[in-house]
Amino acid sequence: MQQNDSVECIKGIGEKTAKTLAKLGIFTVDDLLRHYPRDYEVYGLPVPIANLREGSVAAVEAGVATFAEAKRMKGLTVVSCNVRDASGTLRLTWFNQVYLKNMLKRGIHYIFRGRIVRKAGVLVMDQPKIYKREEYRVLLNVLQPVYPLTAGLTNRALQKAVGQVLGMLNTREDDLPARVVRENKLISQRAALGEIHFPKSRETLLDARRRLVFDEFFRFAVRLRAQKENRHVNKNHFLLKETDKCKLFLQGLPYRLTAGQEEALSEIRQDMAGEYVMNRLIQGDVGSGKTVLAEYALLLAATNGYQGCMMAPTEVLARQHYEAVRAAFDPFGVRVCLLVGSMTAAEKKEVYAKIAGHGADVIIGTHALIQEKVVYSKLALVVTDEQHRFGVRQRESLAGKGECVHVLVMSATPIPRTLAIVLYGDLDVSLITELPAERLPVKNCVVGTSYRPTAFRFIAGQVSEGRQAYVICPMVEQSEEIEAENVMEYTERLREELPADVVVAALHGQMKAALKNERMEQFARGEIQVLVSTTVVEVGVNVPNATVMMIEDAERFGLAQLHQLRGRIGRGAHQSYCIFVNGSQDEKARERLEIMNRSNDGFYIASEDLKLRGPGDVFGVRQSGEMQFELADIYRDADLLAAANTAVKSLTQEEYESVCSKICTKNEKGFH
Ligand code: ADP
Ligand code: MG
């Protein structure tokens with residue numbers, strides 16, 4: 001069996017199962033091995049029935065006492081029977097497993113393992129798995145993998161398939177040179193794959209994880225090295241020199257650029273007129289003023305006779321950029337157009353024609369910009385805003401729309417510079433560390449729900465001074481399962497609580513794109529004073545007149561997300577206020593929100609967040625959208641990332657080429 005063979009070559013996996021596996025992104029034997037457990041279960045010794053506790057998962061060894069019976073209930077067939085051991089009797093129930101009726105004969109002993117629930121006042125074991133004693137003994141006290149599943153696939157089937165593949169790994173060669181394995185004190189790849197699926201102990205599991213995380217980073221670093229080696233070959237075919245219009249644009253700005261902005265600007269200027277094509281990341285916290293740099297680059301391309309485009313992750317943001325850029329570029333005779341998914345086919349067609357016929361100089365949009373139908377005529381620059389919301393692939397497809405075009409990406413992901421340099425190894429990094437000077441830091445408070453009347457009065461006060469406010473709720477509508485504030489009801493309530501002349505409106509992701517845009521634009525024009533919204537406003541939106549951000553059930557959001565939300569205010573000259581409403585009584589939640597209260601600094605918040613989550617949570621994977629590692633966490637495993645990066649740098653050309661041939665052909669899950 002070869003790594004790249006289809007899963008169908010595994011015994012017991014036919015065409016049907018293969019199709020189901022494909023839904024999980026598993027096509028080859030190797031994909032299956034890299035489908036890591038999301039958790040592990042310990043199979044303990046059977047316990048006496050009398051000792052069972054509600055809510056626990058337990059095993060009992062017992063004999064069938066009453067015949068299994070089947071009943072139809074609400075369209076389901078329920079099979080149930082009673083089992084008995086020396087300490088008592090227990091009822092077992094299963095749904096839709098009629099065949100059990102014939103299997104569960106009175107007097108036969110099995111081990112039953114399942115969750116203990118209370119039904120109609122008595123303890124019942126729900127959907128137990130059934131084992132013969134010998135079968136169970138094999139499972140006892142080892143960690144059993146629990147896999148991410150999909151409909152039509154059982155955990156047991158996956159365990160079996162993985163077990164089979166692992167049994168045939170003996171001849172597998174390690175992907176890494178022996179020297180690297182030795183120097184980094186790694187266990188072998190074969191051992192690591194075996195242990196990650198069926199660990200003998202917690203310790204060996206950690207060793208296995210360490211090895212596989214190293215592998216992920218190593219592959220990542222190899223890819224970066226490959227990109228780097230190609231990169232400087234890319235000569236700059238678009239020598240773009242600063243035009244008078246660009247100078248006028250900068251002179252016309254209503255503020256002075258910060259030192260960080262100035263520096264990034266001169267780097268962009270040098271890049272675009274330099275020997276090699278630009279590949280630059282602008283990293284700066286929310287509100288640090290990245291947009292103006294993108295605008296400058298776009299204007300530079302346009303006034304040199306080329307096209308430039310900018311991709312944003314949401315339509316709301318794309319439209320906002322469009323409006324701002326159009327207003328800014330109009331005086332220079334630069335033609336700006338918008339391309340987003342919600343436009344009608346006819347509208348899109350018109351835009352496609354403009355793009356292809358160079359009837360537009362600057363194109364702003366969402367993912368729609370990378371659709372096949374979009375053909376640019378003289379593309380020289382692509383910009384991605386909020387890069388952390390896109391994948392590396394998307395950035396690359398946008399760049400692929402032109403030939404060796406300049407690339408500028410902007411991100412607010414709060415990561416330390418050292419990490420950024422490794423992670424974005426294919427890019428040059430400009431860092432903006434300071435916020436505009438005249439900005440007043442946002443004032444924060446964490447409050448309980450009893451504070452609401454005060455908060456509403458405060459919002460009314462701000463509105464009467466001409467300011468605006470956001471109120472964020474986690475939900476769109478009332479839900480039966482989740483008790484959290486919702487946009488629809490909250491909007492009604494605010495209309496009652498606030499003075500009658502205050503315009504309150506709702507915004508959420510389930511609204512039609514056109515309506516969403518209309519609302520956002522009304523808010524930006526000041527026609528709506530209080531916007532009640534879900535987190536759709538989270539990325540990039542800029543309404544400097546808004547000075548209040550009130551976040552309901554704040555404990556439900558991640559700190560990075562809260563930081564992004566707070567980034568919507570404090571963008572103008574007025575003092576801004578962020579109110580975090582803790583909807584729970586939980587001390588831990590309060591402690592976490594206190595971090596937001598203490599600091600407005602994204603780096604600080606990210607590092608504190610990390611400390612709070614602690615090292616106990618082995619698989620607390622943080623996905624930043626862009627770096628979708630399977631196991632690795634760029635923060636927690638930062639030392640391994642550095643080690644892998646050093647290892648790749650240290651490879652001789654010969655080693656490097658051999659590694660490339662082994663690694664780079666594989667389906668790289670991390671880069672979609
Ligand atoms: P982000 O980095 O989050 O994308 P933006 O580019 O949206 O931030 O800028 C936030 C706000 O700050 C905008 O209203 C912008 O006009 C303003 N701004 C940008 N640079 C400066 C500056 N140097 N001085 C004052 N305000 C600025
Ligand atoms: Mg922005």
Side-chain angles (χ1 to χ4, degrees), residues 280-299 301-302 307-329 334 336-343 347-348 351 355 360-371 374 376 379 381-402 405-413 427 432 507 509 511 513-514 516-521 523-524 533-544 561 564-565 567-568 571 624-626:
R280 183 166 295 278
L281 164 74
I282 309 275
Q283 218 208 304
D285 210 346
V286 283
S288 59
K290 297 182 289 291
T291 315
V292 66
L293 300 171
E295 287 174 348
Y296 173 83
L298 289 168
L299 188 63
Q307 289 179 312
C309 67
M310 172 151 74
M311 180 164 73
T314 66
E315 246 189 79
V316 164
L317 186 55
R319 279 183 191 267
Q320 177 190 292
H321 280 325
Y322 167 68
E323 297 296 340
V325 170
R326 200 180 50 167
F329 290 3
V334 168
V336 184
C337 78
L338 176 75
L339 182 62
V340 291
S342 74
M343 289 166 45
E347 284 169 335
K348 278 185 200 155
V351 176
I355 299 174
D361 307 302
V362 171
I363 305 101
I364 294 180
T366 52
H367 300 79
L369 293 179
I370 45 181
Q371 300 300 304
V374 190
Y376 298 84
L379 191 63
L381 165 71
V382 300
V383 182
T384 22
D385 192 16
E386 308 284 349
Q387 169 60 37
H388 52 286
R389 287 302 190 96
F390 293 104
V392 173
R393 284 264 162 86
Q394 284 163 321
R395 180 178 95 209
E396 286 172 356
S397 356
L398 186 61
K401 286 288 188 182
V405 296
H406 295 292
V407 173
L408 186 63
V409 309
M410 295 183 291
S411 174
T413 312
L427 300 171
I432 309 180
L507 178 76
M511 281 164 41
K516 234 173 7 194
N517 298 324
E518 175 61 22
R519 287 272 158 86
M520 205 55 231
E521 277 160 25
F523 187 66
S533 170
T534 54
T535 54
V536 289
V537 296
E538 178 196 340
V539 272
V541 170
N542 185 39
V543 180
Q561 204 174 16
Q564 271 287 338
L565 284 167
R568 297 314 105 218
R571 299 184 147 243
S624 74
E626 179 169 359

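All values derive from a computational prediction rather than experimental measurement. Positions are given from 1, in the same order as the sequence printed here.
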Is the shortest heavy-atom distance from the side chain of Val382 to the side chain of Leu408 under 4.5 Å?
-> no
Calculate, to the nearest 0.5 Å, the distance between atoms CE and CD belonging to Met511 and Glu518 respectively.
-> 9.5 Å
Can you tell me if Ser411 and Glu386 form a side-chain donor-acceptor pair at under 3.5 Å?
-> no
Considering only heavy atoms from C-beta outward, does the side chain of Val325 approach that of Ile364 to under 4.5 Å?
-> yes
Should Thr535 and Gln561 count as side-chain neighbours, where that means a heavy-atom distance under 4.5 Å?
-> yes
Cut-off 3.5 Å, side chains only: do Gln394 and Ser397 have a donor facing an acceptor?
-> no
Closest heavy-atom pair, Thr366 versus Gly341, reported as atoms and distance to 0.1 Å, is OG1-N, 3.9 Å
Nearest heavy-atom approach of Leu298 to Gly308 is CD2-C, 3.7 Å
When rounded to the nearest 0.5 angstrom, what distance separates CG in Leu338 from NE2 in His321?
-> 11.5 Å
CG/Leu369 to OH/Tyr376 distance, rounded to the nearest 0.5 angstrom?
-> 4.0 Å
Distance in Å, Leu398 CG paired with Met310 CE, rounded so as to fall on 0.5 Å steps = 11.5 Å
Minimum heavy-atom distance between Asp361 and Ala302, given as atom pair plus value = CB-CB, 3.9 Å
Would a 4.5 Å heavy-atom cut-off, applied to side chains only, mark Leu381 and Val405 as touching?
-> no
For Val351 and Cys337, which heavy atoms make the closest approach, and how far apart are they?
-> CG1-SG, 3.7 Å
With side chains defined as the heavy atoms from C-beta onward, is the minimum distance between Asn542 and Thr291 less than 4.5 Å?
-> no
Sub-3.5 Å donor-acceptor pair from the side chain of Arg280 to the main-chain atoms of Leu427, do we have one?
-> no
Is the shortest side-chain N to carboxylate O distance from Arg319 to Glu315 below 4.0 Å?
-> yes
Decide yes or no for Cys309 and Val383: does some side-chain heavy atom of the first lie under 4.5 Å from some side-chain heavy atom of the second?
-> no
Is Lys516 reaching over with its side chain to a backbone N or O of Val316, donor-acceptor style, under 3.5 angstrom?
-> no
d(Met520 CE, Thr314 OG1) to nearest 0.5 Å is 9.5 Å
Counting only N and O atoms by type, is there a donor-acceptor contact under 3.5 Å from the side chain of Lys290 to the main-chain atoms of Ile282?
-> no
Heavy-atom side-chain proximity of Met410 to Thr384 below 4.5 angstrom | no
Considering non-hydrogen atoms only, spot the tightest contact between His367 and Pro313 and give its length.
-> CE1-O, 4.0 Å
Of the non-hydrogen atoms in Gln564 and Val286, which two are nearest, and what is the gap between them?
-> NE2-CG1, 3.4 Å
Could you state the interatomic distance from CG (Leu339) to NZ (Lys348), rounded to the nearest 0.5 Å?
-> 7.5 Å
Taking C-beta and beyond as the side chain, do Gln307 and Ile363 meet within less than 4.5 Å on heavy atoms?
-> yes
